[in-house]
**Student:** 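Have a look at the structure that comes next, please.
Throughout, protein chains are lettered first and strands after them, A, B, ... in sequence-line order, and every chain is numbered starting at 1. Side-chain atoms are counted along with the backbone in the values below, which use heavy atoms only and exclude waters and symmetry mates.
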Number of protein chains: 2
Amino acid sequence: MPTPPKPLLQRQTVTAMVAEYIAAKIIGGDYPGGHQIRQEAIAAELGVSRIPVREALLQLEAEGLVVIRTHRGAVVSDLSADDAIDLFDARLLLEPFLVKKAIARLSNQDIANVERALRDYEAAIARGDPKELSRLNWAFHTALLEPSMRPRSMAVLQTLYSSADRYLRLQIEPLKAQTKALQEHRDIFEAYRLRDAVETSRLLKKHVADAAEEIVSQLKRGEAAG
Amino acid sequence: MPTPPKPLLQRQTVTAMVAEYIAAKIIGGDYPGGHQIRQEAIAAELGVSRIPVREALLQLEAEGLVVIRTHRGAVVSDLSADDAIDLFDARLLLEPFLVKKAIARLSNQDIANVERALRDYEAAIARGDPKELSRLNWAFHTALLEPSMRPRSMAVLQTLYSSADRYLRLQIEPLKAQTKALQEHRDIFEAYRLRDAVETSRLLKKHVADAAEEIVSQLKRGEAAG
DNA sequence: GGATGAAATATTGGATACGATCCTGCGACA
DNA sequence: TGTCGCAGGATCGTATCCAATATTTCATCC
């Protein structure tokens, strides 16, 4: 029985792989804000041509991770405190709204999904891998909002989140902040499970606002130190 | 005195020109929802290669105008009534919020800009070109929100708007709706000029909500008709 | 006659090659 | 000494060409 010549992973396009690769570097902090991304360097590093690299960069620009200027290439976008306020204010409007819509049409399956996301997050704290923790944190938020059936708004939130994600990592690292976030996640889930839209919305808003305040003050300290 | 060899327009890249070209076709209704966009056809039409066409399509996907599926090309994205509700709910959260922020830091120059946008819109009604009208309508909204200094949120709004824009055109065409929109714009501007944040926000919200209702009901009729 | 499957065709994805633009460093001139 | 202009190299933007995938066509079988 001849196996298929290539593994299933090959199903995705090179562009997508490159985009993932660069995004991971940025989110992981390997490419800090302001870092110049050379198309040829990435291409050589991955053994591909520059075309998929360019197209990956275009996608990342749409997600707000890089900024492209004509004939000057792509630089990793840097977040000012004002940018962070901008991004989080938008999240603070959208997330509470969507969670109410989600609760309005919540199935038991949805609740189970959120519970699983919560447990995954819990387990990751024990292991302590910050990148994984960041990913699972967002997975929890996504699970909360998914039942709202608002793909466009979810896409917007995705970009808002990924623009601030790598800065959130700084906040999420200290163990104290982690356990605080976990407790908040538990509280949110409890209200969510009971389908209490108002309370869930309130808790979620506070949860996001706390994170925002933490990041903004951190960025302001950084800018003052400059 | 030797003039520069090429006109100033050449300053932008081919990709940008192609993106503009396709976007205009979509917004203008020449490419209806669901229409397959062949890279080679566009390339031949404009006398360029397929590479800038592909990159233009990637940008348009980020703006929500087309959907790209691997090895199947790009199709003009079609809006369901649910999508429209999704998009407009997000706008209804963001625009009133941003206009309040804008008023909080309003300069006389900003007010003059809005007034000019309002007059341009007024003048376009007289001429009656629907594409131009659509563009100037959004220019007015943008001018209102610009002083908020929230570039990230503005970028989000831009994509939300351009996804629904061409359906708005249907609503904006009847003369009655046009004059209604104009009167609303005038009312909004009056409150804005007086720096009345609450009233401006209220009027703007209603203005957007009215447009949303019109479009959604129109889409629903279309879906029922199949 | 309709469904199934394989070859032919069309279309997209990616690699290589070339021209255009921008940045850097050196020298000329005020 | 400081500023300007001008090579030279580095990097990006686009065209051409090849490979991979999807769609269509057409013969075959039930």
**Student:** Less than 4.0 Å between a side-chain N and a carboxylate O, is that true for Asp110(A) and Arg105(A)?
**Tutor:**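 Not counted as a salt bridge, because no side-chain N and carboxylate O are separated by less than 4.0 Å.
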**Student:** Taking only residues two or more places apart in sequence, or in another chain, which ones meet Glu213(B) in a salt bridge (Lys or Arg N to Asp or Glu O under 4.0 Å)?
**Tutor:**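 Not a single residue meets the salt bridge (Lys or Arg N to Asp or Glu O under 4.0 Å) criterion with Glu213(B).
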**Student:** Kindly say if Thr70(A) contacts the phosphate of dT21(C), meaning a side-chain N or O under 4.0 Å from OP1 or OP2.
**Tutor:**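 So the side chain of Thr70(A) is outside the cut-off, no N or O lying under 4.0 Å from OP1 or OP2 of dT21(C).
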**Student:** Does any residue of residues 39-56 of chain B have a heavy atom under 4.0 Å from DNA chain D, and if so, which ones, in number order?
**Tutor:**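 Correct list: Val48(B), Ser49(B), Ile51(B), Pro52(B).
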**Student:** The criterion is side chain to side chain contact (heavy atoms under 4.5 Å, CB included); which residues satisfy it with Arg50(B), sequence neighbours excluded?
**Tutor:**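 So Arg50(B) forms a side chain to side chain contact (heavy atoms under 4.5 Å, CB included) with Gln39(B), Glu40(B), Ala43(B), Arg54(B).
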**Student:** Sequence neighbours left out, cut at 3.5 Å: what donor-acceptor pairs do the side chains of residues 138-148 of chain B make with other protein atoms?
**Tutor:**
unit_1: Trp138(B); atom_1: NE1; unit_2: Thr142(B); atom_2: OG1; d: 3.4
unit_1: Trp138(B); atom_1: NE1; unit_2: Gln158(B); atom_2: OE1; d: 3.1
unit_1: His141(B); atom_1: ND1; unit_2: Glu95(B); atom_2: OE1; d: 3.1
unit_1: His141(B); atom_1: NE2; unit_2: His207(B); atom_2: NE2; d: 3.3
unit_1: Thr142(B); atom_1: OG1; unit_2: Trp138(B); atom_2: O; d: 2.9
unit_1: Ser148(B); atom_1: OG; unit_2: Leu145(B); atom_2: O; d: 2.7

**Student:** Roughly how many Å is it from CD in Glu61(B) to C1' in dT12(C), rounded to a whole number?
**Tutor:**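 In whole Å, dT12(C) C1' and Glu61(B) CD are 14 Å from each other.
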**Student:** Without decimals, in angstroms, what is the distance between Ile68(B) CD1 and dT11(C) P?
**Tutor:**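 In whole Å, dT11(C) P lies 17 Å from Ile68(B) CD1.
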**Student:** Could you tell me which residues satisfy side chain to side chain contact (heavy atoms under 4.5 Å, CB included) with Arg72(A), sequence neighbours excluded, listed by chain and number?
**Tutor:**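 With sequence neighbours excluded, Arg72(A) shows a side chain to side chain contact (heavy atoms under 4.5 Å, CB included) to Arg69(A), given in chain and number order.
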**Student:** With nearest nucleotide decided by heavy atoms, which residue, Gln36(A) or Arg69(B), maps closer to the 5′ end of DNA chain D?
**Tutor:**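 Comparing both residues, the 5'-ward one is Gln36(A).
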**Student:** So, using ring pair (Phe, Tyr, Trp, His ring centres under 6.0 Å) as the criterion, who are the partners of Phe97(B) when residues are at least two apart?
**Tutor:**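 Residues passing ring pair (Phe, Tyr, Trp, His ring centres under 6.0 Å) with Phe97(B): none at all.
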**Student:** For Gln12(B) and dT21(C), give me the distance from atom CD to atom P, rounded to whole Å.
**Tutor:**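 It is 13 Å, rounded to the nearest whole Å.
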**Student:** With each end axis built from five pairs of C1' atoms, what bend angle do you get for the helix from dG1(C)-dC30(D) to dA30(C)-dT1(D)? Round to 10°.
**Tutor:**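 Terminal axis comparison yields 20°.
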**Student:** So, using side-chain hydrogen bond (donor to acceptor under 3.5 Å, both in side chains) as the criterion, who are the partners of Ser49(B) when residues are at least two apart?
**Tutor:**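 Counting only residues at least two positions away or on another chain, Ser49(B) forms no side-chain hydrogen bond (donor to acceptor under 3.5 Å, both in side chains).
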**Student:** Applying side chain to side chain contact (heavy atoms under 4.5 Å, CB included), name anything that partners Arg127(B), two or more places apart in sequence or on another chain.
**Tutor:**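 For Arg127(B), the residues satisfying side chain to side chain contact (heavy atoms under 4.5 Å, CB included) (neighbours in sequence not counted) are Ala123(B), Ala124(B), Glu132(B).
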**Student:** Tell me, do Tyr121(B) and His185(B) make a side-chain contact under 4.5 Å, heavy atoms counted?
**Tutor:**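 Result yes, sub-4.5 Å side-chain heavy-atom pair found.
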**Student:** For Leu58(B) and dT12(C), what is the distance between atoms CG and P respectively, to the nearest whole Å?
**Tutor:**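 Result: 13 Å.
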**Student:** Measuring from the side chain of Arg72(A) (C-beta onward, heavy atoms only), which nucleotide among dG13(D), dT11(D), dC23(C) has the closest atom?
**Tutor:**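 Taking heavy atoms from C-beta onward, the closest nucleotide is dC23(C).
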**Student:** Expressed as a whole number of angstroms, how long is the span from Met17(B):CE to dG13(D):P?
**Tutor:**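 Value for this atom pair: 16 Å.
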**Student:** Students often get this wrong, so: under 4.0 angstrom with heavy atoms, is Leu57(A) touching a base, only sugar-phosphate, or nothing?
**Tutor:**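 Since no nucleic acid heavy atom lies under 4.0 Å of Leu57(A), the category is nothing.
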**Student:** dC12(D) P sits how many Å from His71(A) NE2, rounded?
**Tutor:**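 From His71(A) NE2 to dC12(D) P: 11 Å.
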